[in-house]
2 protein chains.
Amino acid sequence: MEPETTSVTIHNVAKSAGVSISTVSRVVNNLGRVAPETRKKVENAIRKLDFYPNSRAQALSRKRNDTIGLIVPDFEGQYFAMLMEGAHEEANSNGVNIMVLKAKGAESQIDVVKKVCSQGRTDGVILMLSELFDQVLEKIGNISGPLVILDKDVNLWHLDNILVDNRLGAFEATRHFTDVHGIKNVFFVGGSEHNVDTTARAKGFVDALASVKIDPQDKKFFCNNYSYDEGYRIACEKVVPLINSREHYGIVAGNDDIACGIIDALMDKGINVPQQVGVAGFDDSDIAIHRRLKLTTMRIPTKEIGRIAVRMIINRLSGQVSEPSKVILKARLIVRDSCGCGKNQNQ
Amino acid sequence: MEPETTSVTIHNVAKSAGVSISTVSRVVNNLGRVAPETRKKVENAIRKLDFYPNSRAQALSRKRNDTIGLIVPDFEGQYFAMLMEGAHEEANSNGVNIMVLKAKGAESQIDVVKKVCSQGRTDGVILMLSELFDQVLEKIGNISGPLVILDKDVNLWHLDNILVDNRLGAFEATRHFTDVHGIKNVFFVGGSEHNVDTTARAKGFVDALASVKIDPQDKKFFCNNYSYDEGYRIACEKVVPLINSREHYGIVAGNDDIACGIIDALMDKGINVPQQVGVAGFDDSDIAIHRRLKLTTMRIPTKEIGRIAVRMIINRLSGQVSEPSKVILKARLIVRDSCGCGKNQNQ
DNA sequence: TCCGACTATGAAAACGTTTTTATATATTTG
DNA sequence: CAAATATATAAAAACGTTTTCATAGTCGGA
């Protein structure tokens with residue numbers, strides 16, 4: 001009934017080596033001075049007994065867990081995986097662990113953050129906010145440990161903040177069509193109109209056209225969400241009717257899913273992509289290179305975001321850095337075939 | 001220099017409510033009998049002081065962390081995300097957390113498992129093994145807590161085990177071509193020949209052909225890895241030369257990436273897909289529905305695997321279940337367009 | 001009215017570390 | 001050579017809970 005193999009503690013090691021537990025602790029943590037022969041005795045005992053310090057006791061005593069919480073609204077797409085990749089890389093090389101939590105609605109996010117921090121389960125938290133983020137921020141101002149907010153521009157309080165310049169990204173994608181391809185008819189098909197990312201990207205699009213003296217009027221469309229199906233739908237309903245077979249066009253999509261939907265819709269309507277209509281996506285997700293027509297897209301440095309977020313927390317914990325900071329990363333245009341630059345350029 | 005807001009402990013609550021810490025603990029954990037008015041006093045104090053029990057102290061005292069470790073070789077593709085989805089769902093509804101760890105090589109996996117278990121950082125571990133898994137298993141037989149092995153058939157020791165019947169999956173995909181489409185010329189293009197999944201799928205393919213009296217000789221090909229590019233390469237080098245324009249063909253691919261590579265290769269060589277050659281993938285990953293020609297593919301119940309894995313650990317921890325078990329899940333054929341069943345069936 | 005059983009609560013031990021403080025012993029200094 | 005100082009180690013306190021054990025107080029029955 002009790003197969004519970006009681007594990008070996010620092011006391012066992014101390015006894016076996018004929019020293020006190022303080023000495024063992026000093027050896028394990030490389031602290032203070034220990035006579036060479038004593039150290040050897042202790043190290044032998046540790047090896048003999050296969051001793052690993054109990055992390056629960058360490059956590060209590062040291063008042064830290066060596067654990068960072070990563071709170072995301074969902075695990076969909078590959079954003080989460082990339083974020084994890086970067087975060088884990090940085091965390092691992094600093095001996096800290098990552099606990100993944102999911103919290104979608106504002107309620108849930110407030111709950112999870114408060115709980116996890118107040119309980120001392122993590123030493124710091126990386127939070128990817130959902131849409132209603134001002135409500136969340138309002139309530140978590142007084143939490144204890146370091147807190148990094150991702151992807152939403154947060155000016156309040158002493159919070160670290162990492163974001164991507166979406167406006168600039170869409171600006172560059174748009175100017176790629178106007179400048180490199182000499183196209184005057186550029187459209188924008190974004191995600192939900194109330195999404196802050198979409199808003200920023202739409203602004204970049206407008207700014208880009210304005211900067212080359214093109215009227216952006218009636219050239220912006222919005223999907224209900226960031227999905228392939230919505231991209232397909234909007235392309236059929238809004239874009240196709242505007243296409244004149246004698247002109248060339250460019251479309252800046254809100255993300256790669258939408259871009260793919262658009263491309264397939266256009267093709268299904270017999271329109272030549274990318275010869276007559278070039279399309280650019282956003283995110284550089286997996287699907288960008290897993291299609292016949294490789295997607296030109298703006299790459300979001302997601303892995304980098306994860307890495308920096310962990311770095312920020314570690315810095316704050318180590319006391320080296322006390323001031324909160326805001327990091328703004330750029331998206332980068334990855335030119336492939338769907339804009340008309342690539343292998344399918346000349347038919 | 002010390003903005004460390006020292007958090008409120010059970011002692012503060014006890015003092016504020018005018019009772020002992022044992023009473024507070026009893027109220028918090030709903031244990032033993034507490035007089036209604038005492039309970040009210042304590043609850044008020046808890047609310048007033050915004051008390052959250054320190055999870056580190058709880059962990060030490062209770063000898064558990066309410067944390068499950070999920071060890072994966074990488075975060076690529078969407079396998080990890082789906083696994084996480086299921087695992088988190090089950091974990092969350094049981095009040096346990098998930099710590100994600102990465103360990104790729106055999107060395108690393110042994111290290112991580114031993115460390116995480118011996119330290120008591122997690123109460124149980126879900127382990128997704130890399131290729132050289134016998135070496136790993138050999139060394140981690142004596143670890144303490146519950147351990148669930150994913151995706152590799154493990155017969156040794158007292159380990160829980162969840163796997164997918166890859167043989168049966170490939171069998172069904174193959175028979176779909178022979179039975180539904182009446183195709184005799186079916187090929188298999190798997191991943192690395194030394195991969196156990198590939199081996200099982202290849203066997204399913206051979207068994208299926210044998211079961212309908214077709215000679216599987218010279219119909220199996222292998223990629224160096226599970227990538228789009230390899231699928232493209234093998235299709236060009238091995239498959240295309242075998243295609244006779246008067247015959248119909250079916251191809252069972254090792255995964256969706258390979259399937260996409262094959263399809264694009266065939267199309268680039270001017271072969272009609274799916275009219276002349278049908279292709280089926282494996283995994284039902286994102287890309288299956290993000291292409292113009294929707295992929296027919298075997299869906300692996302990854303989310304379910306995550307859910308069951310967590311369930312197993314929780315059951316073992318609760319002492320309800322003591323015997324290790326092996327769960328074998330089936331892949332399910334998702335019929336879309338690339339096999340020739342769908343919208344593009346008749347040209 | 002007295003005794004046993006039960007109830008509500010408090011006191012104290014335990015969990016396994018880290019860290020501070022104390023104490024021998026060895027080494028230097030005047 | 002005694003006093004001051006270093007050095008190596010041990011003893012004990014602390015971390016914040018849970019849990020066992022002890023102790024008053026209450027109740028019902030003889």
Side-chain angles (χ1 to χ4, degrees), chain A residues 4-43 45-46 49-67 95 115 117-121 123 144, chain B residues 2 4-43 45-46 49-67 115 117-121 123 144:
Chain A
E4 183 82 14
T5 50
T6 175
S7 43
V8 23
T9 73
I10 200 174
H11 289 95
N12 303 325
V13 175
K15 196 167 185 182
S16 161
V19 300
S20 74
I21 62 166
S22 353
T23 301
V24 178
S25 177
R26 270 188 300 259
V27 169
V28 170
N29 298 300
N30 258 316
L31 288 174
R33 315 185 57 74
V34 180
E37 48 178 331
T38 311
R39 157 162 283 130
K40 189 145 288 172
K41 276 195 298 182
V42 172
E43 282 169 345
I46 289 177
L49 300 177
D50 200 26
F51 166 71
Y52 287 85
N54 181 306
S55 70
R56 298 189 280 248
Q58 284 185 323
L60 179 60
S61 184
R62 293 171 166 168
K63 294 171 189 283
R64 66 186 152 92
N65 274 331
D66 296 319
T67 298
K115 197 169 167 196
C117 292
S118 312
Q119 288 182 146
R121 200 175 277 282
D123 304 330
S144 50
Chain B
E2 280 294 305
E4 185 80 15
T5 50
T6 175
S7 41
V8 23
T9 74
I10 200 173
H11 288 95
N12 303 324
V13 176
K15 196 168 186 181
S16 160
V19 299
S20 75
I21 61 167
S22 351
T23 302
V24 178
S25 177
R26 271 187 296 258
V27 170
V28 169
N29 297 302
N30 258 315
L31 287 175
R33 313 186 58 75
V34 180
E37 49 179 330
T38 311
R39 156 162 283 130
K40 189 144 289 172
K41 277 194 301 182
V42 172
E43 282 168 346
I46 289 177
L49 299 178
D50 199 26
F51 167 70
Y52 288 85
N54 181 307
S55 69
R56 299 189 280 247
Q58 284 186 323
L60 179 58
S61 185
R62 294 170 165 171
K63 293 172 190 284
R64 67 185 152 91
N65 271 333
D66 295 318
T67 299
K115 198 171 167 193
C117 293
S118 313
Q119 287 181 147
R121 199 175 276 284
D123 304 329
S144 50

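As a basis for the values below, the full set of heavy atoms in this structure was taken, side chains included, without hydrogen atoms, waters or symmetry mates. Keep in mind the model is a prediction, meaning the values are calculated, not measured.
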Quiz item: In Å and rounded to the nearest 0.5 Å, what is the OG to NZ distance from A:Ser20 to A:Lys15?
Solution: 14.5 Å

Self-check item: Interatomic spacing from SG in A:Cys117 to OH in B:Tyr52 - rounded to 0.5 Å
Solution: 10.0 Å

Quiz item: Considering only D:dA8, C:dT7, C:dG10, which nucleotide approaches the side chain of A:Thr38 most closely?
Solution: D:dA8

Quiz item: Which nucleotide, C:dA8, C:dG16, D:dA10, lies nearest any side-chain atom of B:Leu60?
Solution: C:dG16

Separation of atom [atom1] in [X] from atom [atom2] in [N], rounded to whole Å:
X: A:Asp66; N: C:dT18; atom1: CG; atom2: C1'; value: 13 Å
X: B:Asn12; N: D:dC15; atom1: CG; atom2: C1'; value: 14 Å
X: B:Arg33; N: C:dT7; atom1: CZ; atom2: C1'; value: 8 Å
X: A:Asn65; N: D:dG16; atom1: CG; atom2: P; value: 13 Å

Exercise. Output all residues satisfying salt bridge (Lys or Arg N to Asp or Glu O under 4.0 Å) with A:Arg64, sequence neighbours left out; order by chain, then residue number.
Key: A:Asp66

Exercise. Have a look at the helix from C:dT1-D:dA30 to C:dG30-D:dC1 and give the angle its two end axes make, five pairs each, rounded to 10 degrees.
Key: 60°

Quiz item: Can a side chain N or O of A:Lys63 be found less than 4.0 Å away from OP1 or OP2 on D:dA14?
Solution: no

Heavy-atom side-chain proximity of [X] to [Y] below 4.5 angstrom:
X: A:Thr23; Y: A:Arg26; value: yes
X: B:Thr9; Y: B:Asn54; value: no
X: B:Asn30; Y: B:Arg39; value: yes
X: B:Arg56; Y: A:Lys63; value: yes

Quiz item: Does A:Arg121 offer a backbone N or O that forms a donor-acceptor pair with the side chain of A:Asn65 under 3.5 Å?
Solution: yes

Protein-nucleotides 17-19 of chain D N/O pairs closer than 3.5 Å?
from   : atom 1 : to      : atom 2 : distance (Å)
D:dT17 : OP1    : B:Asn54 : N      : 3.3
D:dT17 : OP2    : B:Ile10 : N      : 2.7
D:dT17 : O2     : B:Ser61 : OG     : 3.2
D:dT18 : OP1    : B:Asn29 : OD1    : 3.4
D:dT18 : OP1    : B:Asn29 : ND2    : 3.0
D:dT18 : OP1    : B:Gln58 : NE2    : 3.1
D:dT18 : OP1    : B:Arg62 : NH2    : 3.4
D:dT18 : OP2    : B:Ser25 : OG     : 2.6
D:dT18 : OP2    : B:Asn29 : ND2    : 3.2
D:dT18 : O4'    : B:Ser61 : OG     : 2.6

